[in-house]
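Chain identifiers are assigned alphabetically (A, B, ...) following the order of the sequence lines, protein sequences preceding nucleic acid strands; residue numbering begins at 1 within each chain.
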Amino acid sequence: MSSQVTLEKITNLCKRRGLIFQSSELYGGFNGFWDYGPYGTAMRRAVEATWWDYMVEQRENVVGQDSTIICHPQVWKASGHVDQFADIMVDNKDSKKRYRIDNLLEQQSEEVLAKVAELMGSETDIGKLEAAFETKLQEGENIDSVLLDAKVIDPSTDKVGDWTPPRQFNLMMQTYVGPVFSEENKAYLRAETCQPIFVNFQTICNSTRQKLPFGIAQTGKAFRNEINPRNFTFRSREFNQMEMEFFCHSDDSMDWYNFWRDQRLAFYSDVLKFKPESMRTHDHDKLAHYAKAAMDIEFEFPFGWGELEGIHHRGTWDLSQHAEFSGQKQEYFDQARNEKYIPTVVETSVGLDRLMLALLCEAYDEDEAETAKDGKEVEGRVVMRFPAIIAPVQVAILPLSKKLAEGARELHAKLKPFFRSEYDEAQSIGKRYRRQDEIGTPFCLTFDFDSLEDNCVTVRERDSMSQERVAIDKLANYLMDKIRG
RNA sequence: GCGAGUGUAGCUCAAUGGUAGAGCAUCACCUUGCCAAGGUGAAUGUUGUGAGUUCGAGUCUCAUCACUCGCUCCA
């Protein structure tokens with residue numbers, strides 16, 4: 001990441017050049033939702049295709065699937081999302097602090113706790129108290145003043161807080177399936193793409209003749225009612241995930257965990273060309289009870305380090321849960337081991353929109369370029385140094401003069417099937433180079449008067465601004481090599 | 001959700017309660033033959049939205065929406 005980059009510059013550039021902008025801007029915007037414009041869409045599709053190629057198409061032991069956004073509601077009860085994504089929160093109007101009710105109660109004295117329990121008609125056990133709050137909130141009972149009456153202390157001030165009524169925050173988005181909006185028709189938009197992979201595990205096993213160990217990958221939308229969407233697209237309410245669940249024997253699971261960690265790190269450094277100093281890994285201190293290991297791959301955004309990808313050892317948790325809730329066994333018979341077992345899962349889970357934001361931040365640069373402007377020798381330019389494989393436009397075809405439009409358009413037609421390309425003849429050549437720099441086009445092809453004679457064009461390279469003369473009939477191979485390299 | 005701040009052309013910003021402007025960008029034409037050159041012209045706004053105060057509101061008041069920062073939250 002260049003030191004000059006700020007989120008403001010990225011946001012402005014994205015809007016100005018049609019990469020990413022706010023959803024429903026016509027109506028004043030909609031918090032937590034973002035639209036991708038022509039260049040943004042081209043790039044996001046390219047990033048997704050690159051991931052898919054790397055994780056699925058280049059491997060024999062990973063297959064793909066594409067499940068629905070709305071699944072059977074039991075899926076999310078089994079996964080724990082319906083319960084764990086719903087927290088009861090209160091604010092202290094004095095100290096402006098917000099607490100999860102279970103965290104707050106944990107920090108109270110026994111007397112206060114007993115008083116709360118008495119008012120709630122519950123035992124003093126935190127879990128039971130929380131459940132009591134949940135029940136009463138759902139039943140619409142008035143418990144607005146319970147915390148005030150019990151004189152609950154704010155741990156940050158050690159004084160009795162001026163508590164707002166407890167409110168339930170549910171991070172799962174809900175909808176209704178069927179024309180009647182009733183409780184039994186309630187369904188959820190998926191909060192992550194991986195659960196339908198677990199649900200489909202047996203079917204895919206049977207239909208693809210895959211033997212363990214193997215993985216199932218999926219990309220797609222996920223939805224969360226984030227309390228506070230922030231930092232451009234970093235935390236949104238609708239976002240894209242790219243996930244792969246790898247099923248294996250528990251004996252080998254740590255080897256596979258390490259394998260996938262290394263593969264994923266190589267993806268960032270070798271394929272997407274992130275600088276080593278832009279990335280770091282972070283091992284989780286607190287592990288879920290079923291997990292043997294978990295880590296995040298983080299990127300340094302202008303607002304600080306943020307998670308791009310999680311790599312998690314999930315044990316047999318998900319399959320066991322679905323076995324329990326569905327009543328269907330989720331076992332695999334391993335012919336080689338002559339053993340029947342519930343597979344252990346290693347997950348790699350990327351936030352595609354976060355990755356896009358990271359690529360934008362990593363690529364952003366300002367440097368100096370020569371200029372023909374009066375009284376100046378150099379002038380600043382904004383240049384997005386995207387890796388060529390994911391650049392929104394890979395090749396721009398620019399006639400030196402409008403008189404050369406015919407030949408340049410012919411060349412464009414020739415290259416269009418192989419590269420994301422653009423033709424531009426408006427204004428001076430220098431201006432067009434700068435325009436392409438700003439959207440990160442790695443190669444500009446200049447068709448000049450000599451091209452008519454020698455069948456060559458000038459290839460101008462984005463980062464160095466150096467130029468090379470290349471024969472038109474060798475161009476496709478020449479560019480292909482550069483883009484893959 | 002709380003607190004503070006911000007919201008004027010596509011972008012960056014001006015405008016004392018009294019005629020809404022500039023630069024850049026965009027488009028057309030001329031010019032130009034390899035790094036935002038120059039010229040001529042054009043288009044662009046219910047000043048985020050909705051109320052209120054006022055003879056008169058971009059400016060003052062209230063509400064609302066969005067964004068930024070902090071708190072909070074974060075599978």
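For A:E461, the CD atom sits in a packed shell: over 12 heavy atoms of surrounding residues, nucleotides or ligands are nearer than 6.0 Å. By the neighbour-count criterion of 12 heavy atoms within 6.0 Å, atom CD of A:E406 is sparsely surrounded, having that number or fewer from other residues, nucleotides or ligands.
For A:Q427, whose side chain is taken as the heavy atoms from C-beta onward, the closest listed nucleotide among B:C69, B:C35, B:C27 is B:C27. With B:C35, B:G10, B:U12 as the candidates, the nucleotide lying closest to the side chain of A:N12 is B:U12. Between B:G33, B:A75, B:A36, one nucleotide has an atom nearer to the side chain of A:K431 than all others, and that is B:A36. Side-chain atoms of A:M465 lie closest to B:C35 of the nucleotides B:A75, B:A25, B:C35. The side chain of A:S401 lies closest to B:G33, out of B:G33, B:U26, B:C35.
Aromatic ring orientation, A:H412 versus A:Y423: parallel (interplanar angle below 30°, classes split at 30° and 60°). Note: A:F247 and A:F198 have perpendicular aromatic rings, judged against thresholds of 30 and 60 degrees for the angle between ring planes.
The separation between A:E347 atom CD and B:A75 atom C1' is 8 Å, rounded to whole Å. If you take CG of A:D283 and P of B:A75, they are 17 Å apart, rounded to a whole angstrom. With rounding to whole Å, A:F21 atom CZ is found 12 Å from B:C11 atom P. Atom-to-atom, CG of A:L13 to P of B:U12 comes out at 12 Å; the value is rounded to the nearest Å. In this structure, A:Q467 atom CD and B:G33 atom P are separated by 16 Å, rounded to whole Å. The nearest whole Å value for the distance from the CZ atom in A:R434 to the P atom in B:A25 is 12 Å. When rounded to the nearest whole Å, the span between NE2 of A:H282 and C1' of B:C74 equals 13 Å. A straight line from CD of A:E298 to C1' of B:C74 spans 13 Å, rounded to a whole angstrom.
Taking the six-membered ring wherever Trp is involved, the centroid distance between the rings of A:F303 and A:F234 falls below 6.0 Å. Taking the ring centroids of A:W76 and A:Y188, they lie at or beyond the 6.0 Å cut-off.
The gap from the P atom of B:A43 to that of B:G1 amounts to 44 Å, rounded to the nearest Å. The C1' atoms of B:U72 and B:C13 are separated by 34 Å, rounded to the nearest whole Å. When the C1' atom is compared between B:U47 and B:U32, the two are found 40 Å apart, to the nearest whole Å. B:U19 sits 22 Å from B:G23 when the C1' atoms are compared, rounded to a whole Å. Comparing B:U26 with B:G7, their C1' atoms sit 24 Å apart, to the nearest whole Å. B:G21 sits 30 Å from B:C62 when the P atoms are compared, rounded to a whole Å. Between the P atoms of B:G48 and B:A15, the separation comes to 15 Å (whole Å). If you take atom C1' in B:A20 and the same atom in B:G45, they sit 8 Å apart, rounded to whole Å.
When heavy atoms are screened at a 4.0 angstrom cut-off, A:E192 is found touching base atoms of the nucleic acid. Residue contacts shown for A:Q22 are limited to sugar-phosphate atoms, with no base heavy atom under 4.0 Å away. Counting non-hydrogen atoms under 4.0 angstrom, A:I429 reaches the backbone sugars and phosphates but no base. Residue-level contact check: A:K403 touches the bases, meaning some heavy atom is under 4.0 Å from a base atom. In this structure, A:R460 reaches the bases: a heavy-atom distance under 4.0 Å links it to at least one base atom across the strands shown. At a threshold of 4.0 angstrom between heavy atoms, the contacts of A:F232 are confined to the sugar-phosphate backbone, with no base atom among them. In this structure, A:R381 reaches neither bases nor backbone, as no heavy-atom distance under 4.0 Å exists between it and the strands shown.
Summary of the strand contacts: A:A426 and A:R235 both lie near RNA chain B, and taking for each the nucleotide with the nearest heavy atom, the more 5' one is attributed to A:A426. Toward the 5′ end of RNA chain B lies the nearest nucleotide of A:E8, the other residue of the pair A:N31 and A:E8 mapping further downstream.
Under the stacking definition used here (centres under 5.5 Å, planes under 30°), the residue A:Y433 fails to qualify as stacked on the base of B:A36.
Helical stems in RNA chain B, defined as runs of 3 or more consecutive Watson-Crick or G-U wobble pairs with both donor-acceptor distances under 3.5 Å, are listed by first residue as B:1-7 with B:65-71, B:10-13 with B:21-24, B:26-30 with B:38-42, B:48-52 with B:60-64.
A pairwise comparison of heavy atoms in A:V56 and A:G64 identifies CG1-N, 4.1 Å as the closest pair.
Of the possible donor and acceptor atoms, one in the side chain of A:R237 sits under 3.5 Å from a partner among the backbone N and O of A:E226.
Using a 4.5 Å heavy-atom threshold, the side chains of A:H81 and A:L171 count as separate.
For the pair A:R17 and A:Y39, the cation-pi test (distance below 6.0 Å, angle within 45°) is failed.
Taking 3.5 Å as the limit, the base of B:A75 and the side chain of A:H81 contain a donor-acceptor pair of atoms between them.
For B:G10, neither phosphate oxygen OP1 nor OP2 lies less than 4.0 angstrom from any side-chain nitrogen or oxygen of A:K15. Contact annotation: A:S428 side-chain N/O to B:A37 OP1/OP2 distance is under 4.0 Å.
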